[in-house]
K.L.:
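Pasting a structure below so you can have a look.
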Amino acid sequence: MDIFLTNTATRKKELFAPLNPDDVRMYVCGPTVYDRAHLGNARPVIVFDVLYRLLRHVYGEGHVTYVRNFTDVDDKINARAAESGRTIGEITAETTQWFLDDMGAVGALEPDHMPRATQYIPQMVAMIGDLIAKGHAYAAEGHVLFSVDSYAEYGRLSGRSVDDMIAGARVEVAPYKRHPMDFVLWKPSSDDQPGWESPWGRGRPGWHIECSAMAFELLGESFDIHGGGNDLMFPHHENEIAQSCCAHPGGGFAKVWLHNEMLQVEGKKMSKSLGNFFTVRDLLDQGVPGEVIRFVMLSTHYRKPMDWTEQKAKEASRTLLKWRKLVQDVVAAPMPAPAVLETLCDDLNTAGAIAAMHELASQGALPELKASAQMLGLLGDDMGDWVERPGQLLDAWSQRLTQARELAMQTKDFAELDRLKATLVDVGVSVQMSKEGVVLAAGPEVDLAKLEDLT
RNA sequence: GGCGGGUUGGCGGAGAGGUUACGCAGCGGAUUGCAAAUCCGUGUAGACCGGUUCGAUUCCGGUACCCGCCUCCA
C-alpha cells in the first residue's frame, strides 16, 4: 500500500519511500512543558497520531519508531518558576504528566520514545562542540552561536533567503553576533537559572539544539519524517536542519517534512486577549468528550486551517453517537475498508476518510465502519464512556415514562406524559416512544448535572 | 517589506479535467397519541478576469479579499 505525503521541503506530494521499511522513523516536535496544552497543541498530536497508526498498519506495528520530545529547559519555564515560587522540576514534571493525560484523553497513542531535553544535555554539548570544530559555530561572550553563513542551504525549507530575512528583521541584533541571523546554541546561565557545566562556562542550551541532538541519538543522522505545526517551520525547523546537517554532513536529517496548519477558534486565532483561549483540559472539564475533540480535529485536512466551533463539536458528537449505536454489538472487520485506507494514504486525508465512513454507515457495512474508525482512533472501547455514562440515570426514567404512557394510552390523557417528556428533552435527552416501548438516550448535548437534579 | 497558504452550495468539508462527494440543516412523503429516530424522494456550488482544452470548479497567469509566519508559539 503506497502512502503519499506532502513534503514541505519540496512543496510536493510525494510517494513515501522509507529509508528502511523495517524501521520507519518519525520525529515530531513536542511541547515545552510550562503550562497545560491548549487546543492548538492537540492538533499535531492527533494528526501525527493518525499517521503513526497508518504507518504501523502499512509497515507493521514493530516497524515504526515514533519520537516526540518534551522540552523541559526553556526560559518560559524559568519565568513560570520565578513567578510561582515553585521549582522548575515540579513544574516540568506536573506539566509533562498533564500533557500525557490530556493527549491520552483525545485518543493519542504514546510515542515509542518521549525524550526529555534535560536528559540529553551532554549530547547537545557534544554536538555544539562538533559544530564549532567544523567551523559552523563560534563562542562569543559565554554564548555559542550557529553561523548561518557557514551553511549555504540555510532558509531553504521555509523558502526564505538570508538577505530577505535581514531586510524584514524586526528584532535588535545582539552585538556578539557575527551575522544578524546567527542563532543561539548555548547561552550562559546566572546562578538562579538552570545551568550545566560546558566548555563555554555554566549555561543552558538554546531552543533548537535539543531536537537535533535527540533526533540524532534516537533516530540517527537520517530518518524518514519530521513533523510539527507550520509555525515551527521557521525558525525552529530551519535551525534544526542547519545544526543537524552541518554536524552530520551526508546524513541529510529528515527526508520528509510535514507541517500541519494552525487552529482557529470561531474563525479567529486563539489568543488570550480575544478571550477564546482554552486548553484541552478546559474542554474536557466542560464535558466535551475527548473523542469529539479528536473527531473535529480529523474532520479538516491537516494542511488547512482548522476552525474549532461549538457547532462542529455538536455535529461531531451526533455523528459519533449514531455510529457508536450502530456498531455497538458489531465485531470489527479484520481490516479497515479499502476506501478509507486509500483516502488516508493520500496525504492523510482524514476528512475524506470520515466521508467514506459515512458511506459505510449508510450502506450498513458496520464491521468495516468499526475497523475503519478504529484506524483513526475513533469508536474504540476505551473512548466510549461518554456514551454509557448517562445510562443508569436514564433507566429509572425509562420505567417511569413507560408507566405514564400506558396510563395515558388508556385514559387518552397525555398531559402528564408530555410534561415528563418535555422535561427530559429540555436537558438534552432524546425520547423515543414507539410500539415497542420507550427508548431514552442521552443526546449529544445532554446536561448530566441537570438530569441528576430532575425528580 | 519578505515568505507561505487559502477563497467550493444555507453551514461544515473532500476528491476528480468530462459522470451523485459526504455530513448537517431544508423541503416532500411514509411512520407516530404528539414527537423523535428511521426509511424513501428532492433542491441549492466552487471569489473575480483572462488563457490552455472538444470540455475547467479542477491546469496556467493575473486581480481582489482573507489567514499564518518572519518575535515565544503546535
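All values below come from the heavy atoms of this structure, side chains included, with hydrogens, waters and symmetry mates left out. A, B, ... follow the sequence lines: proteins, then strands. Residue 1 opens every chain.
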K.L.:
Who is the Watson-Crick or G-U wobble partner of rG46(B), with both distances under 3.5 Å?
P.N.:
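rG46(B) is paired with nothing.
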
K.L.:
Donor-acceptor pair under 3.5 Å: do we get one between His38(A)'s side chain and the base of rA74(B)?
P.N.:
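By the distance-only test, yes, there is a pair.
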
K.L.:
Please determine whether the number of non-hydrogen atoms from other residues, nucleotides or ligands lying under 6.0 Å from atom CZ of Arg156(A) exceeds 12.
P.N.:
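12 or below, so no.
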
K.L.:
Determine the interatomic distance between P on rC39(B) and the same-named atom on rA74(B); round to the nearest Å.
P.N.:
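Straight-line distance between the two P atoms is 43 Å.
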
K.L.:
Strictly by Watson-Crick or wobble contacts shorter than 3.5 Å, is anything paired with rG15(B), and which nucleotide is it?
P.N.:
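Its partner is none (no Watson-Crick or G-U wobble pair with both distances under 3.5 Å).
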
K.L.:
Does the structure show a Watson-Crick or G-U wobble partner for rA56(B), both distances under 3.5 Å? Name it, or say none.
P.N.:
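The answer is none; no pair meets the criterion.
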
K.L.:
Could one point to a donor on the side chain of Asn230(A) or the base of rG4(B) with an acceptor on the other under 3.5 Å away?
P.N.:
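Donor-acceptor pair under 3.5 Å: no.
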
K.L.:
Would you sort out whether Met433(A) and Lys421(A) count as a side chain to side chain contact (heavy atoms under 4.5 Å, CB included), showing the intermediate values?
P.N.:
CA-CA 10 Å; Met433(A) 293 186 266; Lys421(A) 177 185 158 187; 3.6 Å; yes

K.L.:
So Phe414(A), base contact, sugar-phosphate only, or nothing? Heavy-atom distance under 4.0 Å.
P.N.:
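Base contact.
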
K.L.:
Using atom C1' in both nucleotides, what's the gap between rU58(B) and rU19(B) to the nearest angstrom?
P.N.:
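My reading of the C1' atoms in rU58(B) and rU19(B) gives 14 Å.
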
K.L.:
Any pair with a residue in residues 38-51 of chain A that passes side-chain hydrogen bond (donor to acceptor under 3.5 Å, both in side chains), sequence neighbours left out, goes on the list, sorted by first then second residue, please.
P.N.:
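Residue pairs passing side-chain hydrogen bond (donor to acceptor under 3.5 Å, both in side chains), neighbours aside: His38(A)-Asn41(A), Asp49(A)-Arg53(A), Asp49(A)-Arg294(A).
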
K.L.:
Given that both distances must come in under 3.5 Å, which nucleotide forms a Watson-Crick or G-U wobble pair with rC39(B)?
P.N.:
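Its partner is rG29(B) (Watson-Crick or G-U wobble, both distances under 3.5 Å).
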
K.L.:
With a 4.0 Å cut-off on N to O distance, would you call Lys13(A) and Asp346(A) a salt bridge?
P.N.:
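Yes, Lys13(A) and Asp346(A) are salt-bridged.
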
K.L.:
Parallel under 30°, tilted from 30 to 60°, perpendicular over 60°: which one fits the rings of Phe146(A) and Phe183(A)?
P.N.:
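Phe146(A) vs Phe183(A) ring planes: parallel.
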
K.L.:
Given atom NE2 of His208(A) and atom C1' of rC72(B), what is their separation to the nearest angstrom?
P.N.:
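Atom NE2 in His208(A) sits about 10 Å away from atom C1' in rC72(B).
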
K.L.:
Given atom CG of Asp231(A) and atom P of rG68(B), what is their separation to the nearest angstrom?
P.N.:
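That distance rounds to 12 Å.
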
K.L.:
By the definition side chain to side chain donor-acceptor pair (under 3.5 Å), identify the one residue from Thr92(A), Thr95(A), Thr118(A) that meets it with Asp72(A).
P.N.:
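Running side chain to side chain donor-acceptor pair (under 3.5 Å) over Thr92(A), Thr95(A), Thr118(A) with Asp72(A) returns exactly one hit, Thr118(A).
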
K.L.:
Does Gly228(A) reach a base, just sugar-phosphate, or nothing at all? Heavy atoms under 4.0 Å.
P.N.:
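It contacts sugar-phosphate atoms only.
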
K.L.:
Categorize Lys421(A) for me: base, sugar-phosphate, or nothing, with a 4.0 angstrom heavy-atom threshold over every strand shown.
P.N.:
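The answer is base, as Lys421(A) lies within the cut-off (heavy atoms under 4.0 Å) of a base atom.
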
K.L.:
rG50(B): syn or anti, with syn meaning chi within 90° of zero?
P.N.:
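Here the answer is anti: the torsion falls beyond 90° from 0.
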
K.L.:
Over how many whole Å does the gap from Phe277(A) atom CZ to rA74(B) atom C1' extend?
P.N.:
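Value for this atom pair: 11 Å.
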
K.L.:
Could you work out the separation of rC48(B) and rG6(B) based on their C1' atoms and round it to a whole Å?
P.N.:
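Going atom to atom, C1' in each nucleotide, I get 15 Å.
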
K.L.:
Hey, would you say the Phe253(A) and Phe223(A) ring centroids sit under 6.0 Å apart?
P.N.:
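Judged by ring-centre distance (under 6.0 Å), Phe253(A) and Phe223(A) do meet the cut-off.
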
K.L.:
Contact class for Asp307(A) (heavy atom, under 4.0 Å): base, sugar-phosphate, or nothing?
P.N.:
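No contact at all - Asp307(A) keeps every heavy atom at 4.0 Å or more from the nucleic acid.
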
K.L.:
Can you measure Leu263(A) atom CG to rC69(B) atom C1' for me and round it to whole angstrom units?
P.N.:
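My rounded result for the distance is 16 Å.
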
K.L.:
Go ahead and name the base partner of rC65(B); Watson-Crick or wobble counts if both distances stay under 3.5 Å, otherwise write none.
P.N.:
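By the stated definition (distances under 3.5 Å), rG6(B) pairs with rC65(B).
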
K.L.:
Taking all non-hydrogen atoms of both residues, which atom of Met357(A) and which atom of Ser372(A) are closest, and how far apart?
P.N.:
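Heavy-atom minimum between the residues: CG-CB, 3.9 Å.
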
K.L.:
Between atom NZ in Lys12(A) and atom P in rG5(B), what is the gap in whole Å?
P.N.:
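It is 12 Å, rounded to the nearest whole Å.
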
K.L.:
Using 4.0 Å as the upper bound for N to carboxylate O, is an ion pair formed by Asp74(A) and Arg204(A)?
P.N.:
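Looking at Arg204(A) and Asp74(A), the cut-off is not met.
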
K.L.:
Using heavy-atom distances to pick each residue's nearest nucleotide on RNA chain B, tell me which of Ala415(A) and Asn349(A) is more 5'.
P.N.:
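Checking each residue's closest nucleotide, the 5'-ward one belongs to Asn349(A).
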
K.L.:
For rC70(B) versus rG12(B), give the span between their C1' atoms, rounded off to a whole number of Å.
P.N.:
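Rounded to whole Å, the distance is 32 Å.
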
K.L.:
For the C1' atoms, the ones on rU44(B) and on rU8(B), what distance do you get once it is rounded to whole angstrom?
P.N.:
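That atom pair is separated by 13 Å.
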
K.L.:
Expressed as a whole number of Å, how far does the C1' atom of rG10(B) sit from that of rA25(B)?
P.N.:
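Each nucleotide's C1' atom is 7 Å from the other's.
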
K.L.:
Measure the acute angle between the ring planes of Trp257(A) and His259(A), then classify it against the limits of 30° and 60° as parallel, tilted or perpendicular.
P.N.:
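If you compare the ring of Trp257(A) with that of His259(A), the planes turn out parallel.
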
K.L.:
With rounding to whole Å, what would you report as the distance between rA37(B) and rA30(B) at their C1' atoms?
P.N.:
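Looking at atom C1' only, rA37(B) and rA30(B) are 14 Å apart.
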
K.L.:
Across nucleotides 21-32 of chain B, 5' to 3', mark each nucleotide with B, S or - according to how protein heavy atoms within less than 4.0 Å reach it.
P.N.:
BSBS-------S

K.L.:
For Asn41(A) and for Arg11(A), locate the closest nucleotide of RNA chain B by heavy-atom distance; then report the residue assigned to the nucleotide nearer the 5' terminus.
P.N.:
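Final value for this comparison: Arg11(A).
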
K.L.:
Atom CE of Met233(A) to atom P of rG2(B): distance rounded to whole Å?
P.N.:
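Value for this atom pair: 17 Å.
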
K.L.:
Measure the shortest side-chain to side-chain distance between Tyr27(A) and Arg68(A) over non-hydrogen atoms and say whether it is less than 4.5 angstrom.
P.N.:
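No. Closest side-chain heavy atoms not under 4.5 Å.
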
K.L.:
Could you state the atom-to-atom distance from CG of Asn239(A) to C1' of rU71(B) in whole Å?
P.N.:
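Rounding to the nearest Å, CG of Asn239(A) and C1' of rU71(B) are 13 Å apart.
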
K.L.:
Between rA45(B) and rC22(B), how far apart are the two C1' atoms, rounded to whole Å?
P.N.:
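Comparing C1' positions in rA45(B) and rC22(B) gives a spacing of 14 Å.
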
K.L.:
Write down the protein N/O and nucleotide N/O pairs, taken from nucleotides 41-46 of chain B, whose separation is under 3.5 Å; answer none if there are no such pairs.
P.N.:
none

K.L.:
Which heavy atom of Leu376(A) sits nearest to which heavy atom of Leu298(A), and what is that distance?
P.N.:
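Where Leu376(A) meets Leu298(A) most closely, the heavy atoms are O-CD1, 3.7 Å.
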
K.L.:
Among rG5(B), rG33(B), rG13(B), which nucleotide has an atom closest to any side-chain atom of Met409(A)?
P.N.:
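Of all the options, the side chain of Met409(A) is nearest to rG33(B).
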
K.L.:
Atom NZ of Lys304(A) and atom P of rC66(B): how far apart are they, to the nearest Å?
P.N.:
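Taking NZ of Lys304(A) and P of rC66(B), I get 19 Å after rounding.
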
K.L.:
Where the side chain of Thr300(A) is concerned, which of rG13(B), rA16(B), rG68(B) is the nearest nucleotide?
P.N.:
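The answer is rG13(B).
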
